[in-house]
Protein chains: 2
Amino acid sequence: MSDAVDAIVGQWEKERPELRDDLWPVQLIARVQRMNRVLDREAKVFCAKHGVEWGEFDVLTTLRRSGPPYALTAGAFLKAAMVTSGAITNRIDKMEAKGLVERVRDGADRRTVRIKLTEHGKQLTEVLMADHLNRYARLLGDLDPAEVDAAAGLLRKFLEQQGDTSIT
Amino acid sequence: MSDAVDAIVGQWEKERPELRDDLWPVQLIARVQRMNRVLDREAKVFCAKHGVEWGEFDVLTTLRRSGPPYALTAGAFLKAAMVTSGAITNRIDKMEAKGLVERVRDGADRRTVRIKLTEHGKQLTEVLMADHLNRYARLLGDLDPAEVDAAAGLLRKFLEQQGDTSIT
DNA sequence: TGCTTTTATCTCAACGTTGAAACTTTCAGT
DNA sequence: ACTGAAAGTTTCAACGTTGAGATAAAAGCA
């Protein structure tokens with residue numbers, strides 16, 4: 001059994017044999033990158049079916065799981081979505097035009113803008129989530145659950161070390 | 001110990017308890033996505049230090065590990081880099097301007113264009129690789145090698161299932 | 001030899017993200 | 001109150017990628 005990354009590492013071992021002992025991180029890192037690409041393409045197809053962008057779906061689910069009143073500040077999205085501020089403004093602009101969310105300036109701090117899920121947005125999210133999780137289960141369905149769990153645990157350690165510990 | 005993904009899953013369990021048994025794929029998939037983001041940022045900083053773009057570095061190493069004569073067709077890059085044809089054309093245009101690679105149309109099939117590493121490009125790549133692998137080792141250095149290996153193995157299975165089995 | 005299909009690459013407009021600068025509001029110190 | 005620093009968001013130009021279409025060459029077939 002071998003994948004594209006095995007081929008890549010094989011090439012290095014042949015071309016630069018002296019690097020042999022330094023290639024083990026490639027085995028994980030390159031696969032994380034390639035898996036991300038695969039997931040990304042899959043996600044875009046899924047979102048297109050439902051008429052939303054991948055980034056918009058991210059905003060919808062982030063709002064939905066935050067619980068009532070389904071409203072978060074723009075700043076909260078920066079960490080949750082791991083994108084820059086300009087991207088969030090852009091996403092919200094389009095989603096507001098679609099009627100999925102609305103901007104609410106509340107009195108407490110007039111710098112902040114709360115992004116709030118509209119009723120339409122909430123209903124769409126409920127529909128999307130079911131399909132979304134089915135899709136995930138299908139993608140990983142043929143893998144050993146215990147191994148998936150172990151791999152997730154290792155990635156958690158990496159992310160903790162890198163300080164990816166909070167979404168607020 | 002918990003990371004951002006634990007927080008996300010925790011929110012879902014609270015908001016939609018009935019989804020509890022369907023959230024296990026999120027534990028892996030969300031971490032692959034977030035780890036990819038972390039790696040991406042790290043890579044950009046690394047590349048900026050050496051005056052190349054992340055996509056350009058990818059082309060350089062792909063050529064280098066392919067072995068003499070360090071020349072590949074544009075099509076070969078599509079699968080290796082998992083990007084579209086327009087992106088490759090764009091990358092090669094810029095790298096040719098920098099003198100890192102050169103386009104060679106050889107007689108056999110005049111449709112194909114071989115992208116060839118220049119001497120300058122090759123020398124730069126040698127320098128970059130040492131730093132690159134040091135960086136990788138530092139990133140994963142605090143993790144248990146056996147666990148890294150196991151996680152890489154699981155991701156390999158996923159990628160095989162998704163047909164990511166060749167770079168040619 | 002003609003004709004169609006396939007393969008390989010390039011072109012280009014649309015798109016989303018980045019990152020720095022601008023803007024407004026709030027906070028802290030005096 | 002006043003002033004400077006900090007925080008939250010928006011603006012905007014530059015950038016790289018996408019994806020469909022164009023172009024050109026090769027292969028298959030009559």
Report task. Could you walk me through whether Arg103(B) and Asp93(B) pass the salt bridge (Lys or Arg N to Asp or Glu O under 4.0 Å) test, one step at a time? Result -> CA-CA 9 Å; Arg103(B) 282 185 168 89; Asp93(B) 282 350; 3.0 Å; yes
**Report entry** Sequence-distant partners of Ala150(A), side-chain contact (heavy atoms from CB on, under 4.5 Å), two or more places apart
**Finding:** none
Requested in this report: Taking only the side-chain heavy atoms of Val113(B) (C-beta and beyond), determine which of dC10(C), dT17(C), dT17(D) contains the nearest atom.
Outcome: dC10(C)
Query - Arg31(B) and Gln27(B): side chain donor to acceptor below 3.5 Å - result: yes
Report summary line: When rounded to whole Å, the NZ to C1' distance for the pair Lys44(A) and dT18(D) reads 8 Å
Query raised in the report: Whole-Å distance between dA8(C) P and Ile92(B) CD1?
Result: 17 Å
Report task. Rounded off to whole Å, could you give me the CG-to-P distance for the Asn90(B) and dT18(D) pair? Result -> 11 Å
**Report entry** Of the listed nucleotides dT11(D), dT18(C), dC10(C), the one nearest the side chain of Thr89(B)
**Finding:** dC10(C)
Report task. Could you name each residue pair satisfying salt bridge (charged side-chain N to carboxylate O under 4.0 Å, His left out) that touches residues 133-148 of chain B, not counting sequence neighbours? Result -> Lys157(A)-Glu147(B), Glu42(B)-Arg135(B)
Query raised in the report: Is the shortest side-chain N/O distance from Arg114(B) to OP1 or OP2 of dA8(C) below 4.0 Å?
Result: no
Quick one: which protein N/O atoms are closer than 3.5 Å to N/O atoms of nucleotides 23-28 of chain D? Pair and distance per line, please.
residue, atom, partner, partner atom, Å
dA26(D), OP1, Arg110(B), N, 3.1

Query raised in the report: Roughly, in whole Å, what's the span from CE in Met82(B) to P in dT17(D)?
Result: 15 Å
Requested in this report: May I ask you to evaluate whether Arg105(A) reaches the phosphate of dT25(C), defined as a side-chain N or O under 4.0 Å from OP1 or OP2?
Outcome: no
Query - Spacing between Ile88(A) atom CD1 and dG19(C) atom C1', to the nearest angstrom - result: 15 Å
Query raised in the report: What parts of residues 66-74 of chain B reach DNA chain C, counting only heavy atoms under 4.0 Å away?
Result: Thr73(B), Ala74(B)
Query raised in the report: Would you call Lys49(B)-Asp131(B) a salt bridge at under 4.0 Å N-O?
Result: no
Query raised in the report: Rounded to whole angstroms, how far apart are CD on Glu53(B) and P on dT17(D)?
Result: 8 Å
Report task. Flag the pair Arg34(A) and Asp40(A) as a salt bridge only when some basic side-chain nitrogen lies within less than 4.0 angstrom of an acidic carboxylate oxygen. Result -> no
**Report entry** Centroid-centroid under 6.0 Å between His50(A) and Phe57(A) rings
**Finding:** no
Requested in this report: Starting from P on dC15(D), measure out to CZ on Arg91(B) and report it in whole angstrom.
Outcome: 16 Å
Query raised in the report: Over how many whole Å does the gap from Asp40(A) atom CG to dT17(D) atom P extend?
Result: 13 Å
Query - Residue list, side-chain contact (heavy atoms from CB on, under 4.5 Å) with Asp58(A), at least two apart or on another chain - result: Thr61(A), Thr62(A), Ala81(A), Arg91(A)
Query - Electrostatic pair Asp164(A):Lys79(A) at N-O distance under 4.0 angstrom - result: no
Query - Touch class at under 4.0 angstrom, heavy-atom based, for Gly86(A) against every strand present - result: base
Requested in this report: Check every strand shown and say whether Thr112(B) touches a base, only sugar-phosphate, or nothing at a heavy-atom separation below 4.0 Å.
Outcome: sugar-phosphate
Requested in this report: Counting heavy atoms from C-beta on, name the nucleotide in dA20(D), dT10(D), dT18(C) closest to the side chain of Arg103(A).
Outcome: dT10(D)
Report task. Just jot down the side-chain hydrogen bond (donor to acceptor under 3.5 Å, both in side chains) partners of Arg16(A), sequence neighbours excluded, or say none. Result -> Glu18(A), Glu126(B)
